[in-house]
Amino acid sequence: MKEKTQQVFKEKFGDGGVAYASPGRINLIGEHTDYNGGFVLPGAIDKAIYAVVKPNGTNKVRAFAVDLNEASEFGLEEKDKPKEGFAKYIFGVAREMLKRGKTVPGFDVVIAGDVPLGAGMSSSAALESAVGFALNDQYQLGFTRQELATIGQATEHNYVGVKCGIMDQFASCMGKEGSLIRLDCRSLEHQYVPFDPKGYQLVLLNTCVTHELASSAYNKRRESCERVVEVIAKKHPEVKLLRDANLDWLKEVKTQVSAEDYMRAEFVIEEIQRLLDTCEALKKGDYETVGKKMYETHAGLSKKYEVSCPELDFLNDQAKAAGVTGSRVMGGGFGGCTINLVKDGKVADFVKTASTAYEKKFGIKPKVYDVVIKDGAHKL
Ligand code: GLA
């Protein structure tokens, strides 16, 4: 992948491009908790977005996306926002760096990658982090990895229109081989949790569907949470985010919020607790409990947060029927992957049965990925 990206750079822009990569991520548990100040448990994976970059001595960016076979050229003033989807991420990252007082001259960049798009593995965060890491290195801007994650998140907010949390960019920038990151999304305090579940494997099954409007539905979920916080805070002013609330305080406002908002907030508060319980279980090597929590998360995401879809629910049911230890939709939802914690001896059968049944029902062959947890953004 690195060679291919460098080759394309050479063809388009000549010699001297420097290659960087930043990975996608998985998340064991803790979904839709990040923008509520809760906890998440992601890890960077062995699939990445590659960026080959070289300053070009102008004030313009020339960008090419190999996988889309698409080019874009743009300046770096606010008015110059490109129309090509992939280029908005590059523009956004550079703009956010400029807004933080740095100088970012023009550059040439070629992008490629093997993080599947729309699979819930955060290809967009990987792109932001790869470009951020590359520019930071090329122009010696002095941002920390954590700041680069924040720059990626701000890019989503201000140039893509998704009001995402910090999980994906944090995992992509801060990932560590063999470890999950237990991240407190309110303080950004984090611990690396070595993850090597003896006797089990993590398997991703990609539904290969992405339902439309995922980003606007995502923003709506966030708004629901914010509305509930506003009401709870009237009585409990210390509540700034759902992380600060509890189920009793939520119950107090049941008649003052819509049934839908209530359900959303209930899921989030329960999910934050589920993550803490899962971390305890992990410490003891109790993977049966970890798996049980994953199923609970799926049920919550499907019934209360309503970010699942028939394809994901079907794969979750398949996992249950096959006696898989844990299974749930991963990431923002509305398509993408289920993440499955499977006993070694059951992997082959489960993958075969679930794939065959899924293809029969939906006419699409799901993609299967083993999870390998790797380091975050790096120069190649
Ligand atoms: C997307 C967002 C993340 C997070 C997840 C859901 O991946 O980018 O910030 O909210 O959805 O947990």
Side-chain angles (χ1 to χ4, degrees), residues 25-43 120 149 153 163-171 174 180-193 195 218-233 235-254 257 260-284 286 289-308 326-333 339 341:
R25 60 108 189 88
I26 53 127
N27 183 30
L28 189 65
I29 201 157
E31 222 61 270
H32 290 275
T33 48
D34 57 354
Y35 53 85
N36 288 298
F39 297 90
V40 291
L41 201 53
Q153 183 193 23
K163 300 285 178 196
C164 66
I166 190 69
M167 168 168 73
D168 304 350
Q169 292 79 6
F170 198 95
M174 303 283 292
L180 299 176
I181 312 170
R182 180 189 186 276
L183 171 65
D184 178 333
C185 300
R186 188 173 56 186
S187 64
L188 297 189
E189 267 170 18
H190 55 281
Q191 286 110 37
Y192 290 100
V193 181
F195 186 72
Y218 182 93
N219 291 348
K220 280 197 189 132
R221 297 299 180 282
R222 186 174 182 146
E223 285 160 20
S224 284
C225 297
E226 287 167 357
R227 278 196 294 270
V228 174
V229 164
E230 223 173 274
V231 181
I232 297 178
K235 184 156 174 219
H236 304 283
E238 63 271 44
V239 175
K240 307 273 183 255
L241 295 158
L242 279 180
R243 156 78 180 278
D244 311 314
N246 56 50
L247 289 175
D248 289 337
W249 292 358
L250 176 64
K251 276 187 202 125
E252 289 171 4
V253 301
K254 189 157 189 172
V257 299
E260 189 176 280
D261 286 358
Y262 186 87
M263 213 163 56
R264 307 285 191 248
E266 189 177 50
F267 165 77
V268 170
I269 295 172
E270 287 171 349
E271 179 72 357
I272 293 172
Q273 186 56 46
R274 250 192 305 273
L275 183 139
L276 298 174
D277 295 345
T278 303
C279 287
E280 283 310 305
L282 279 175
K283 269 190 215 151
K284 296 184 206 137
D286 175 4
T289 299
V290 172
K292 198 167 144 259
K293 296 287 159 198
M294 291 170 76
Y295 278 116
E296 285 172 21
T297 293
H298 185 87
L301 286 168
S302 179
K303 301 283 177 314
K304 293 185 183 175
Y305 220 61
E306 298 183 294
V307 294
S308 188
S327 175
R328 64 178 199 83
V329 42
M330 188 179 74
I339 178 167
L341 180 65

Side chains of His298 and Ser308 in contact at under 4.5 Å (non-hydrogen atoms): yes

Contacts of type ring-ring contact (aromatic ring centres under 6.0 Å, His included), residue Tyr305, not counting sequence neighbours: His32, Phe267

Results of salt bridge (charged side-chain N to carboxylate O under 4.0 Å, His left out) for Glu226 - residues two or more places apart only: Arg222

Expected output: side-chain Asn27 to main-chain Leu41 donor-acceptor under 3.5 Å: yes

Test log, rule side-chain contact (heavy atoms from CB on, under 4.5 Å), inputs Ile26 and Leu180: CA-CA 9 Å; Ile26 53 127; Leu180 299 176; 3.9 Å; yes

Minimal non-hydrogen separation, Val268 against Cys225, with atom names: CG2-SG, 4.0 Å

With Tyr295 via ring-ring contact (aromatic ring centres under 6.0 Å, His included) - residues at least two apart: none

Heavy-atom check, side chain of Val329 versus side chain of Ser302, under 4.5 Å: no

Partners meeting side chain to side chain contact (heavy atoms under 4.5 Å, CB included) with Glu306 (sequence neighbours left out): Arg221, Met263, Arg264

Over 12 foreign heavy atoms within 6.0 Å of CD, Glu230: no

Closest non-hydrogen atom pair, Asp261 against Ser224: OD1-OG, 2.8 Å

Backbone N/O of Glu31 and side chain of Glu271: donor-acceptor pair under 3.5 Å: yes

SB check Lys220 Glu223 (cutoff 4.0 Å): no

Any residue meeting salt bridge (charged side-chain N to carboxylate O under 4.0 Å, His left out) with Asp277, in chain and number order, not counting sequence neighbours: Lys293

Validation row: Leu242, Val229 side chains within 4.5 angstrom (heavy atoms): yes

Heavy-atom check, side chain of Ile339 versus side chain of Met294, under 4.5 Å: yes

Leu28 side chain reached by Leu282 side chain, heavy atoms, under 4.5 Å: yes

Side-chain heavy atoms of Cys164 within contact of Tyr218, under 4.5 Å: yes

Non-hydrogen side-chain atoms of Glu270 and Lys304 separated by less than 4.5 Å: yes

Separation of Lys284 NZ from Thr289 OG1 (nearest 0.5 Å): 7.5 Å

His236: partners by ring-ring contact (aromatic ring centres under 6.0 Å, His included), with sequence neighbours left out: Trp249

Exercise: identify the closest heavy-atom pair between Ala265 and Leu250: CB-CD1, 3.8 Å

